[in-house]
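Computed from heavy atoms alone, side chains included, the values below leave out hydrogens, waters and symmetry copies. This is a predicted model, so every value here is computed, not measured.
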Amino acid sequence: MTPWAVLLSIAVLLVLLISGKVKPAIDFVTLAGIFLLLGFVDTSTLLMQYTNPALATLLLLLLVSLALERSPLLDWLSRDLLKGHPRLATARLMGSTAVLSAFLNNTAVVAAFLGAISRQQRIAPSRLLIPLSYASILGGITTLVGTSTNLVVNSFNLSASGSELGMFQFSLVGVPVALITLCVLLWRANALPHHRLEDTDEKLSYFLAADVESESPMIGKSIEENGLRNLNGLYLLEIERQGRLISPVAPDERLQAADTLVFTGEVNKVQALQRFPGLNLFGHQADNLLATNLVEVVISHESELSGKTLQDVDLRSMFSAGVVGIRRGGKRLEGQLGKIPLRVGDCLLSAVSADFRQHRNIDRNFHLLSGSFTRPQLTRKESIITLGGFASVIALATANWLPLFHGLLLLLGGLLLLKVISLAELRRRFPFELWLIIGSALGIALALENSGAAAVLAGGMQWMFSGYGVYAAFIGCYLLTLLLTETVTNNAAAALAFPIAWSTAQAFGVDPLPFVMAVAYGASACFLIPFGYQTHLMVYSPGRYKITDFFKIGLPVSITYSAAVLVITPIVFPF
């Protein structure tokens, strides 16, 4: 009965992950804690999973990537890639993204190109952003460090077999699969929608503006005293005063004659302002001065805003900004913006103050699309040191002269000594949730084995495919991983599928390596819906896509990718 109870708990975990009502880190840690209390894994063994060497290597890589993503190299490339014929520009963008994503964090690569693609006027961003996201996945599958999923699988492989996967072991299958799939993606890119860019007039339609007349009794009183803080559906965003903008507006700010009050929210509720004496409405569009401090951002997967409403967080103090519009995919959200729960990938149009860029939590919460603000970049010397150091670490690890963990640790120490990156930034951006998920998942995998649940799963897989052979079981493990990665996150999919794949290989008495690779490639095969992969959410709203756009392009890409993986993997890694 015990194995079945464990399997039932795994099913409950999967349901919670799909529902999204509880954060994955909480789901995994809670289940690992339950298994600890039930004695399926002991305390010392569970704690050892959180210090797994391959997991530590993943964390070091992500921390080093904080410096790599600030190199001007990506911005230099983005300025030249989109020149020439649109089809050729798309091909260059995809090829460059795939090559860079083989070694750099694909989220950082997509973030760097996202702003440049959104700002340029030659090619509709909707024609480029899905290819950008898919190409980052295809580049990531070619090396050990190309995607966090490969390093997660490496963590499980080290725990199960005692050996780590090689730096370019993934390339033997990953490179031909990526090349074949990129060709199909380039062909299907013509089917993407052609959405024109949102111009200044469209952005200003978010606003409602009103003048304070010279004889108004509101003059000399604060915003709070005038009752402008609690309007029905409207929000006082900023004040235009003598050619300058006051934004955000503090509750104790006192009105002056000739002030222009700028409101956002449900701008059709103009009647809410008619009760204020001496307030002269002059139309549904604010002055062009507003366009000088509008910034468009996308909520990142690390953001603390996800799942919260604008009323739950104080954006004025956190970012010196006020949100004037929210777009989710191709739809501009309407109604009272302050009551809408925000999601990762939402595009926010914000009016910001002059010190917006100085807030330290900008990079963690947002990807900047447009506006006069740019990411802080490394100097030329810092960039050479960072990129050269990283290339050296990869080369030494490939030649087996220096373990990857040792090299990344030395590089991170050097970056700290040279002040290329700070301890404060490491604390702020440490991937704490990912560490908890993978460490707990490793403990859950041990509990599956110790409880006998893994043996039950392996027996079930062997029974299911006994008449078809080990190759059918291999296909089954791959398809299971693909299904999981389309419904939960890619790392969670790898964590759930690995114990099943490993046990299946043992049940058939074959080499587990092709099954391990099936999990790695299957966990990256997220092409059909935007919610299972970080970079898809990053491009979802800027490209004004519908979910059907991902499915229409992703289906032939997914079929091609899967067919290539299932054919090539057993040839390179025989059973």
Side-chain angles (χ1 to χ4, degrees), residues 47-74 99-109 111-112 139-140 142-159 162-171 302 363-364 375-436 438-439 442 491:
L47 291 176
M48 285 174 59
Q49 307 315 306
Y50 293 97
T51 57
N52 178 290
L55 174 56
T57 301
L58 168 60
L59 298 178
L60 277 178
L61 179 65
L62 294 176
L63 294 177
V64 168
S65 294
L66 298 180
L68 293 171
E69 68 187 35
R70 288 168 46 211
S71 169
L73 171 66
L74 297 177
V99 172
L100 289 169
S101 295
F103 301 99
L104 303 180
N105 185 294
N106 56 3
T107 303
V109 174
T142 59
T143 68
L144 175 64
V145 299
T147 174
S148 62
T149 307
N150 288 354
L151 284 161
V152 168
V153 171
N154 187 39
S155 302
F156 280 92
N157 190 70
L158 176 63
S159 178
S163 62
E164 295 194 61
L165 300 170
M167 177 65 66
F168 292 102
Q169 202 165 358
F170 292 90
S171 308
E302 296 180 286
D363 288 338
R364 177 179 180 180
R375 299 181 305 157
Q377 292 187 339
L378 304 180
T379 64
R380 184 183 183 88
K381 180 180 178 181
E382 290 173 337
S383 185
I384 292 173
I385 291 172
T386 303
L387 293 173
F390 183 70
S392 300
V393 168
I394 297 298
L396 291 171
T398 303
N400 291 322
W401 291 347
L402 184 68
L404 182 59
F405 176 84
H406 294 57
L408 290 172
L409 187 62
L410 288 171
L411 177 58
L412 183 61
L415 295 176
L416 287 169
L417 283 174
L418 296 173
K419 297 183 179 180
V420 175
I421 196 168
S422 67
L423 283 172
E425 187 172 3
L426 294 183
R427 284 195 299 268
R428 198 165 57 247
R429 300 285 301 277
F430 185 83
F432 188 69
E433 288 192 10
L434 181 62
W435 173 64
L436 288 177
I438 305 307
L442 288 167
N491 290 325

#### Entry: Side chain to side chain, Val145 and Thr57, heavy atoms closer than 4.5 Å
no

#### Entry: Close side-chain approach of Asn52 to Met48, heavy-atom, < 4.5 Å
no

### Message
Tell me which one of Leu411, Leu404, Leu409 satisfies side-chain contact (heavy atoms from CB on, under 4.5 Å) with Leu60.
### Response
Leu409

Supply the atom-to-atom distance [X] [atom1] to [Y] [atom2], rounded to the nearest 0.5 angstrom.
X	Y	atom1	atom2	answer
Leu59	Phe405	CG	CZ	9.5 Å
Asn157	Leu165	CG	CG	4.5 Å
Leu55	Ser148	CG	OG	11.0 Å
Leu151	Leu144	CG	CG	4.5 Å

### Query
Under 3.5 Å, is there a donor-acceptor pair between the side chain of Thr386 and the main chain of Ser383?
no

### Query
Distance-only, no hydrogens or angles: does the Ser101 side chain make a donor-acceptor pair with backbone N or O of Gly140 under 3.5 Å?
no

Could you tabulate the donor-acceptor pairs under 3.5 Å formed by side-chain atoms of residues 388-399, not counting sequence neighbours?
unit_1, atom_1, unit_2, atom_2, d
Ser392, OG, Gly388, O, 2.8
Thr398, OG1, Ile394, O, 2.7

### Query
With sequence neighbours excluded, what pairs up with Tyr50 under the ring-ring contact (aromatic ring centres under 6.0 Å, His included) test?
Trp435

### Query
Of all residues at least two apart in sequence or in a different chain, which pass the ring-ring contact (aromatic ring centres under 6.0 Å, His included) check with Phe170?
none

For [X], check side-chain contact (heavy atoms from CB on, under 4.5 Å) against everything at least two apart and list the hits.
X	result
Leu423	Leu416, Leu426, Arg427
Lys419	none
Leu418	Ile385, Val420
Ser422	Ala424, Glu425

### Message
Just checking Phe430: does its CZ atom have more than 12 heavy atoms from other residues, nucleotides or ligands closer to it than 6.0 angstrom?
### Response
yes

Tell me every residue that passes side-chain hydrogen bond (donor to acceptor under 3.5 Å, both in side chains) with [X], counting only those two or more places apart in sequence or in another chain.
X	answer
Thr143	none
Asn150	none
Ser163	Ser161
Glu164	Asn154

### Message
Under the rule for salt bridge (charged side-chain N to carboxylate O under 4.0 Å, His left out), what residues qualify as partners of Glu382, not counting sequence neighbours?
### Response
none

### Query
At their closest point, which heavy atom of Leu434 faces which heavy atom of Leu58, and how far apart are they?
CD2-CD2, 3.9 Å

